Amino acid sequence: MLVIDNGKLRACLAAHWGLADAAVQVHNGGMNSATWFVSEGGERWVAKAVAPGSRRSFMGGLQVAAHVEAAGVPAGTPVVTRHGSLVADVDGVPLGLLNWVAGSGLLGRSPDEQRLIGATLARVHAALRSVTIKDADRFHWVDARAAHLAVRPWVRPSVAAALAGYEALDVGSLSWGLLHTDPAPEAFRLDRKTGECGLIDWSIAMSGPLLYDLASAVMYVGGIDNADYLVEAYLESKTMTRAEVEHGLLAMLRFRWAVQADYFARRLVADDLTGITSAADNEVGLENAHRWLGRLAAKEPSGAHRGHKTA
């Protein structure tokens with residue numbers, strides 16, 4: 001679990017960003033980082049720390065956020081330190097200071113919110129299609145032979161089957177670009193005064209199939225049968241063809257749940273409690289993946305990939 005001493009955090013904010021009198025409030029709303037709300041002189045920011053091993057990924061994500069915001073979508077861009085860096089170190093832990101994105105996170109339950117998620121994600125994808133980040137990671141990171149997948153008997157075969165379904169899509173033919181990788185509803189922040197919607201929590205620079213982000217958004221709102229408004233709003237932008245979505249969304253959604261299984265299996269083996277209160281929360285995450293992988297395996301015919309149901 002990431003822990004930074006309050007005094008050292010304040011000293012870092014003062015030394016690297018000149019915030020000598022900042023008010024700091026613990027937030028910690030994510031599972032892979034530690035966060036604080038920071039305010040001074042009527043301005044607000046978010047301080048975000050990640051594990052030392054995630055430093056390169058974190059800095060890559062901050063670069064992507066800058067491109068997204070340059071395209072007109074608020075993204076929580078980094079405030080450069082006095083020394084010209086995107087992050088500073090607190091006892092070896094990378095810390096970034098991010099500009100505040102006005103508004104509140106969405107829930108994704110109503111048709112209007114789903115449309116907003118789909119339209120905003122499509123807008124971001126369109127903006128990033130021509131962007132290149134040096135040394136960006138390339139999709140994907142799941143290894144069906146990984147030791148942590150032995151955490152439960154079902155995990156490895158379920159992940160391997162989902163991975164095979166993904167590979168059967170002819171992934172080279174899919175639309176690729178820089179991804180968000182985890183566009184949950186709460187990452188979409190709507191300023192209800194202006195109607196502007198941002199997308200925050202950029203944690204990595206990764207090039208991959210845009211369909212993965214769309215499948216992630218669909219996963220968070222309850223699956224294909226509950227995501228018609230989201231998918232249709234995404235398709236209206238012409239960022240991706242309807243044929244591509246219909247061909248690959250179900251298989252990609254199954255792969256997305258395999259990513260969840262891989263993630264929580266890894267956390268359980270490592271006893272990683274970042275962002276949660278007990279290992280029971282990791283168990284719940286793994287069991288949710290188990291349930292959904294079973295449902296999707298039954299839904300996807302062998303050798304075929306059914307996608308989004310069109311109206």
Side-chain angles (χ1 to χ4, degrees), residues 31-32 137-177 179-184 204 206-228 230-231 234 240-270 272 279-310:
M31 294 188 68
N32 300 309
D137 290 345
R138 187 169 175 84
F139 194 86
H140 61 84
W141 58 94
V142 180
D143 181 0
R145 301 165 297 177
H148 62 270
L149 297 186
V151 67
R152 300 288 183 273
W154 63 267
V155 177
R156 192 183 308 281
S158 294
V159 168
L163 181 54
Y166 163 74
E167 291 172 344
L169 287 176
D170 183 17
V171 295
S173 68
L174 301 177
S175 302
W176 280 59
L179 303 177
H180 182 280
T181 73
D182 197 32
I204 192 171
M206 176 170 286
S207 176
L210 304 183
L211 195 59
Y212 179 79
D213 269 359
L214 182 60
S216 298
V218 167
M219 178 189 77
Y220 281 115
V221 301
I224 287 175
D225 294 333
N226 294 310
D228 283 347
L230 190 160
V231 175
Y234 183 91
M240 189 186 304
T241 67
R242 184 176 298 273
E244 182 173 339
V245 173
E246 291 179 343
H247 169 65
L249 183 56
L250 182 59
M252 190 67 81
L253 182 60
R254 186 180 177 190
F255 177 77
R256 182 62 181 84
W257 275 110
V259 168
Q260 290 292 97
D262 175 76
Y263 174 75
F264 285 105
R266 188 187 303 273
R267 285 175 63 96
L268 280 166
V269 169
D272 185 350
D281 294 319
N282 285 330
E283 292 282 5
V284 170
L286 187 64
E287 185 52 37
N288 283 340
H290 187 194
R291 183 173 67 253
W292 276 99
L293 282 167
R295 290 181 185 178
L296 292 167
K299 199 171 187 178
E300 185 176 349
S302 177
H305 306 287
R306 186 179 66 83
H308 166 63
K309 295 189 299 181
T310 57

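Numbering starts at 1 and runs along the sequence shown. Note that this is a predicted model, so its numbers are computed, not measured. Below, each value reflects all heavy atoms present in this structure, side chains not excepted, and no hydrogens, waters or symmetry copies.
- With sequence neighbours excluded, the residues satisfying side chain to side chain donor-acceptor pair (under 3.5 Å) with Arg145 are Asp143.
- When side chains are defined from C-beta on, Arg256 does not count as touching Trp292, because their heavy atoms never get closer than 4.5 Å.
- Closest approach of Leu249 and Leu211 over heavy atoms only: N-CD2, 3.9 Å.
- With sequence neighbours left out, Arg291 forms a salt bridge (Lys or Arg N to Asp or Glu O under 4.0 Å) with no residue at all.
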**OP:** Verify side chain to side chain contact (heavy atoms under 4.5 Å, CB included) between Val259 and Thr181, making sure each step is shown before the conclusion.
**Re:** CA-CA 11 Å; Val259 168; Thr181 73; over 6 Å; no
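- A search for salt bridge (Lys or Arg N to Asp or Glu O under 4.0 Å) contacts involving Arg266 returns Asp262, not counting sequence neighbours.
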Subject >> Residues Val231, Ile224; criterion side chain to side chain contact (heavy atoms under 4.5 Å, CB included); working and verdict >> reply: CA-CA 9 Å; Val231 175; Ile224 287 175; over 6 Å; no
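- Between Lys299 and Asp225 there is a salt bridge, with a side-chain nitrogen of the basic residue lying less than 4.0 Å from a carboxylate oxygen of the acidic one.
- No hydrogens or angles considered: a donor-acceptor pair under 3.5 Å links the side chains of Asn32 and Tyr263.
- With hydrogens and angles ignored, the 3.5 Å screen pairs a side-chain donor or acceptor of Asp213 with a backbone N or O of His180.
- Under a 3.5 Å cut-off, the side chain of Gln260 and the backbone N or O of Asn288 do not form any donor-acceptor pair.
- Looking only at side-chain heavy atoms (C-beta outward), Leu214 and Met252 stay at 4.5 Å or farther from each other.
- The salt bridge (Lys or Arg N to Asp or Glu O under 4.0 Å) search around Glu283 returns Arg152, not counting sequence neighbours.
- Closest non-hydrogen pair, Ala265 versus Val155, comes out as CB-CG1, 4.4 Å.
- The ring pair (Phe, Tyr, Trp, His ring centres under 6.0 Å) test applied to Phe264 returns no partner, not counting sequence neighbours.
- Legend: residues meeting ring pair (Phe, Tyr, Trp, His ring centres under 6.0 Å) with Phe139, ordered by chain and number and at least two apart, are Trp141, Tyr166, Tyr212, Phe255.
- Of all heavy-atom pairs spanning Leu293 and Arg254, the tightest one is CD2-O, 3.4 Å.
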**OP:** Using the side chain to side chain contact (heavy atoms under 4.5 Å, CB included) rule, take Leu174 and Leu210 through it: C-alpha gap first, then chi angles, then the decisive distance, then the call.
**Re:** CA-CA 8 Å; Leu174 301 177; Leu210 304 183; over 6 Å; no
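- Here the side chains of Met31 and Asn282 are in contact, with some heavy-atom distance below 4.5 Å.
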